[in-house]
Structure formats: C-alpha cells, structure tokens
Protein chains: 2
Amino acid sequence: MACVTKEAIGRMTRLIGDADKAQCKVNKLRSITAKLNEKDIDAEAEIFKAMADPYRLKILMLLREGELCVCEIMIAIDRPQSTTSYQLSILRDAGLIRERKDGRWSRYRLSEGAVIEMLNLVKLMKDNQNGGGDSG
Amino acid sequence: MACVTKEAIGRMTRLIGDADKAQCKVNKLRSITAKLNEKDIDAEAEIFKAMADPYRLKILMLLREGELCVCEIMIAIDRPQSTTSYQLSILRDAGLIRERKDGRWSRYRLSEGAVIEMLNLVKLMKDNQNGGGDSG
DNA sequence: TTTATATATCAAAATAGTTTGATATGCATG
DNA sequence: CATGCATATCAAACTATTTTGATATATAAA
C-alpha cells in the first residue's frame with residue numbers, strides 16, 4: 001500500500017500539474033475507497049456472482065412464475081439432478097431464493113421482490129446496449 | 001434433451017398424481033425455458049459477471065463520483081496498473097463503463113444511470129439480508 | 001423393515017477467471 | 001526521431017467455479 005504512494009503522487013502531479021494538489025487528490029481517492037466497507041462490498045459481489053450464470057438466471061426467471069421443486073427445475077433447465085441442486089445451493093446461499101421442505105420434495109421460491117427488480121433492470125441494460133430490441 | 005423426458009414424466013406423475021397432467025406440466029416447463037432466449041440470458045449473465053467482483057464494484061462506486069483516468073483508479077483500488085487495466089476492460093466489455101481517450105490518458109465513466117440503480121438495488125438486498133444495517 | 005424416491009453432498013476432472021511482471025503501443029515533448 | 005509516460009496486451013502461474021457420476025440422507029410407501 002505505502003510503497004506505491006510516491007509513484008502515485010508523481011503520476012498525479014503530472015496529471016494535475018501541482019504537487020500539493022496531487023497529494024490532496026491521492027488522499028481523497030484513498031479516503032473514498034477506505035470508506036467503502038470491505039465486508040459490504042464482498043456481500044454485494046456475492047449476490048452478483050449468484051446471478052452471473054445463465055442456468056441460475058433461468059432458474060430465477062422460472063421462479064417468477066411461482067414455487068417449484070427441484071425435479072421441476074431440472075426438467076426446465078435440462079440438467080442432471082446434481083447440477084441442478086448445486087445451482088440452487090448457490091442461489092440459496094446468496095439469499096436469492098428460499099427453500100421449503102415438503103415431504104421428500106424441496107420447493108424453492110424467490111426470497112424477495114428485489115430479485116425481480118434486478119432481472120428487470122438487467123434486461124433494460126441489455127436492451128439499451130443492443131439499441132432497444134425486444135425479447136421474452 | 002429427449003433422453004430425460006421419460007424419467008421426467010415419471011417424476012412429474014408422482015408429484016402430480018396424473019400421467020396426462022404430468023405430461024402437460026413437463027411440456028409447459030420446457031416451453032417456458034424454450035421461450036427464454038439463450039443469447040439474451042447470456043448477455044444478461046455477462047453484465048452480472050462484470051459486477052461480480054469486489055474490485056470492479058469499487059471501481060463502479062468510485063465512478064459514481066465522476067470520470068477518472070486509469071492512474072487515479074489504480075491508486076484508489078491499490079492494485080498494479082495491469083490488474084487495473086484488466087478489470088476496466090471487463091467492465092467496458094460488459095458495457096457498464098465508457099472510455100474516452102484524452103492525450104495519453106484514458107478516462108472512464110459510468111455508461112448509464114442503470115448502473116447506479118443496480119448498485120442501489122444490491123445494497124438494498126444485502127441490507128435486507130442482514131436485518132437492515134447501514135453502511136457507506 | 002425393505003424398497004423406492006427426492007434431494008443433498010462428495011470428489012475428481014474440466015473449465016473459467018484473476019493476477020501481475022514483462023512487453024508493446026501510442027501520444028507528447030525535447 | 002529519441003525519450004518518457006499512460007495504458008493496453010501478453011503469457012504463465014495461480015485460484016475459483018462448474019459439472020456430474022457416485023454415494024449418502026431422508027421421507028414415504030409397500
């Protein structure tokens with residue numbers, strides 16, 4: 001951390017043109033990131049990681065329609081049981097879905113409305129990138 | 001795909017208790033996922049992947065404050081230049097940030113407001129999970 | 001209580017993503 | 001055009017995630 005500071009100030013001085021202001025800017029940048037709580041950021045990254053897979057996105061989209069058990073989900077995404085279980089465990093551990101035991105079945109559902117908002121938002125972003133195309 | 005269908009209908013029949021209805025349900029589940037466009041889902045997963053890393057989240061949070069060049073970002077996140085460049089390329093390729101060349105500097109900024117909405121939404125989700133804690 | 005079923009977990013192979021020093025590229029200046 | 005600097009790209013080591021058959025666990029039915 002400390003070992004790059006000198007070079008950092010040099011770079012910043014060339015960028016800004018004034019050594020004192022550069023020192024100031026370096027301090028400011030460092031203080032902004034210092035304020036960002038590591039644990040919070042890791043927790044947020046964990047949520048994005050859980051959504052960062054096509055099968056898992058499919059599962060979330062399916063669960064918008066209502067609660068489903070593992071055997072239904074494995075049919076829908078067309079993967080083996082162990083794979084389906086694995087993907088569900090990632091979503092569950094990230095807090096995106098909830099499990100309910102029902103006899104020998106495990107039924108899964110979305111844990112909160114924000115998951116749907118997230119899916120809507122990412123669709124919007126994708127559509128904006130492609131120039132406003134439409135899709136299911 | 002076809003080779004699991006028979007077993008799928010068996011499972012579904014046990015779940016529902018009626019072979020015809022089971023066949024129907026299997027078809028319905030398959031048709032829901034069939035409607036989900038693979039390319040769209042992959043594109044959306046790509047966006048989530050880009051956000052699924054603590055350093056990249058930090059960068060996005062920094063860029064909420066305005067445009068920054070690579071040398072400023074590497075100071076803020078305290079990583080070597082090559083690492084910083086790599087992370088920026090992931091964000092750029094996913095369409096989350098935009099690059100602007102300015103002499104020998106490359107300046108980066110958020111590409112759209114939806115990125116900020118995404119950051120707000122994930123913070124909400126994380127806070128809900130922890131029982132409403134607060135953070136920077 | 002034996003058997004079948006649904007799901008979770010394990011373990012090992014396969015695949016994918018990250019880090020970073022070294023090097024290339026491109027701009028600006030002397 | 002030689003030099004210095006900012007950034008991008010490369011390549012190899014490293015780390016993490018995913019896949020899936022096999023196996024364990026738990027529930028229900030025979």
Side-chain angles (χ1 to χ4, degrees), chain A residues 3-4 6-17 22 42 45-46 48-59 67-75 77-94 97-108, chain B residues 3-4 6-17 22 42 45-59 67-94 97-108:
Chain A
C3 56
V4 278
K6 213 162 188 175
E7 196 201 332
I9 294 169
R11 273 167 188 266
M12 204 58 79
T13 304
R14 284 186 292 279
L15 184 62
I16 294 176
D42 288 352
E46 210 58 37
F48 284 124
K49 261 183 210 168
M51 301 188 81
D53 177 274
Y55 291 128
R56 294 199 291 266
L57 279 182
K58 271 191 199 174
I59 292 173
E67 198 181 52
L68 291 172
C69 70
V70 179
C71 71
E72 292 172 307
I73 295 167
M74 62 182 274
I75 289 161
I77 70 169
D78 197 33
R79 287 292 100 178
Q81 185 268 318
S82 56
T83 302
T84 306
S85 243
Y86 168 75
Q87 300 292 15
L88 286 167
S89 76
I90 302 284
L91 291 169
R92 180 170 19 80
D93 294 352
I97 62 177
R98 279 198 213 297
E99 189 185 3
R100 180 171 70 87
K101 295 279 185 186
D102 176 16
R104 38 187 166 170
W105 287 278
S106 292
R107 297 179 188 279
Y108 286 91
Chain B
C3 56
V4 279
K6 212 162 191 177
E7 196 201 334
I9 294 168
R11 273 168 187 266
M12 204 57 80
T13 304
R14 282 186 294 277
L15 184 63
I16 296 178
D42 287 352
E46 211 57 38
I47 291 172
F48 284 123
K49 263 182 210 169
M51 302 188 79
D53 177 275
Y55 290 129
R56 293 199 291 268
L57 279 182
K58 272 190 199 174
I59 292 173
E67 198 182 52
L68 291 173
C69 70
V70 180
C71 71
E72 292 172 306
I73 295 167
M74 62 182 276
I75 289 163
I77 69 168
D78 195 32
R79 287 291 101 180
Q81 186 268 319
S82 56
T83 302
T84 307
S85 242
Y86 168 75
Q87 301 291 15
L88 286 167
S89 76
I90 302 283
L91 291 169
R92 180 170 19 81
D93 294 351
I97 61 177
R98 280 199 212 296
E99 190 184 3
R100 180 172 70 87
K101 296 279 186 186
D102 177 15
R104 41 190 163 165
W105 287 277
S106 292
R107 297 180 189 277
Y108 286 92

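All of these numbers come straight from a predicted model, not from anything done at the bench. A, B, ... follow the sequence lines: proteins, then strands. Residue 1 opens every chain.
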Within this structure, what is the [atom1]-to-[atom2] distance between [X] and [N], rounded to whole angstrom?
{"X": "M74(B)", "N": "dT7(D)", "atom1": "CE", "atom2": "P", "value": "9 Å"}
{"X": "I59(B)", "N": "dT7(D)", "atom1": "CD1", "atom2": "C1'", "value": "14 Å"}
{"X": "L88(B)", "N": "dT7(D)", "atom1": "CG", "atom2": "P", "value": "10 Å"}
{"X": "F48(B)", "N": "dA16(C)", "atom1": "CZ", "atom2": "P", "value": "21 Å"}
{"X": "R79(B)", "N": "dA6(D)", "atom1": "CZ", "atom2": "C1'", "value": "20 Å"}
{"X": "E99(A)", "N": "dA8(C)", "atom1": "CD", "atom2": "C1'", "value": "9 Å"}
{"X": "E7(A)", "N": "dG21(C)", "atom1": "CD", "atom2": "P", "value": "11 Å"}
{"X": "K101(B)", "N": "dA28(C)", "atom1": "NZ", "atom2": "P", "value": "12 Å"}

Would you kindly compare T83(A) and M12(A) by the position of their nearest DNA chain D nucleotide and give the one closer to the 5′ end? M12(A)

So, using side chain to side chain contact (heavy atoms under 4.5 Å, CB included) as the criterion, who are the partners of [X] when residues are at least two apart?
{"X": "R104(A)", "answer": "none"}
{"X": "T13(B)", "answer": "I9(B), A19(B), A22(B)"}
{"X": "R98(A)", "answer": "R109(A), S111(A)"}
{"X": "K49(B)", "answer": "A52(A), E46(B)"}

[N] OP1/OP2 closer than 4.0 Å to side-chain N/O of [X]:
{"X": "S106(B)", "N": "dA6(D)", "value": "no"}
{"X": "R11(A)", "N": "dC5(D)", "value": "no"}
{"X": "R14(A)", "N": "dA6(D)", "value": "yes"}
{"X": "Y108(B)", "N": "dA6(D)", "value": "no"}

Encode nucleotides 22-30 of chain D as B, S and - characters from 5' to 3', where the letter depends on protein heavy atoms closer than 4.0 Å: B to the base, S only to sugar-phosphate, - to neither. B----SS--

Choose from dT7(C), dA8(D), dA6(D) the nucleotide whose nearest atom is closest to any side-chain atom of R92(B). dA8(D)

Which nucleotide in the list dA8(C), dA8(D), dT20(D) gets nearest to the side chain of P80(A)? dT20(D)

Side chain to side chain donor-acceptor pair (under 3.5 Å) partners for R100(A), two or more places apart: E67(A)

Once side chain to side chain donor-acceptor pair (under 3.5 Å) is applied, do any residues pair with Y86(B), and if so which ones, sequence neighbours excluded? none

Heavy atoms only, 4.0 Å cut-off, all strands: where does E72(A) land among base, sugar-phosphate and nothing? nothing

Heavy-atom side-chain contact between M12(B) and E72(A) under 4.5 Å: yes

Donor-acceptor contact below 3.5 Å, side chain Q87(A) vs main chain T84(A): no

With sequence neighbours excluded, tell me which residues meet salt bridge (charged side-chain N to carboxylate O under 4.0 Å, His left out) with R92(B). E99(B)

Look up atom OG1 in T83(B) and atom CG in L88(B), then write down how far apart they are to the nearest 0.5 Å. 11.0 Å

Taking only nitrogen or oxygen atoms into account, show me every contact under 3.5 Å that the protein makes with nucleotides 12-18 of chain D, one pair per line with its distance.
{"from": "dT18(D)", "atom 1": "OP1", "to": "R56(A)", "atom 2": "NH1", "distance (Å)": "3.2"}
{"from": "dT18(D)", "atom 1": "OP1", "to": "R56(A)", "atom 2": "NH2", "distance (Å)": "2.9"}
{"from": "dT18(D)", "atom 1": "OP2", "to": "R56(A)", "atom 2": "NH1", "distance (Å)": "3.4"}
{"from": "dT18(D)", "atom 1": "OP2", "to": "Y86(A)", "atom 2": "OH", "distance (Å)": "2.7"}

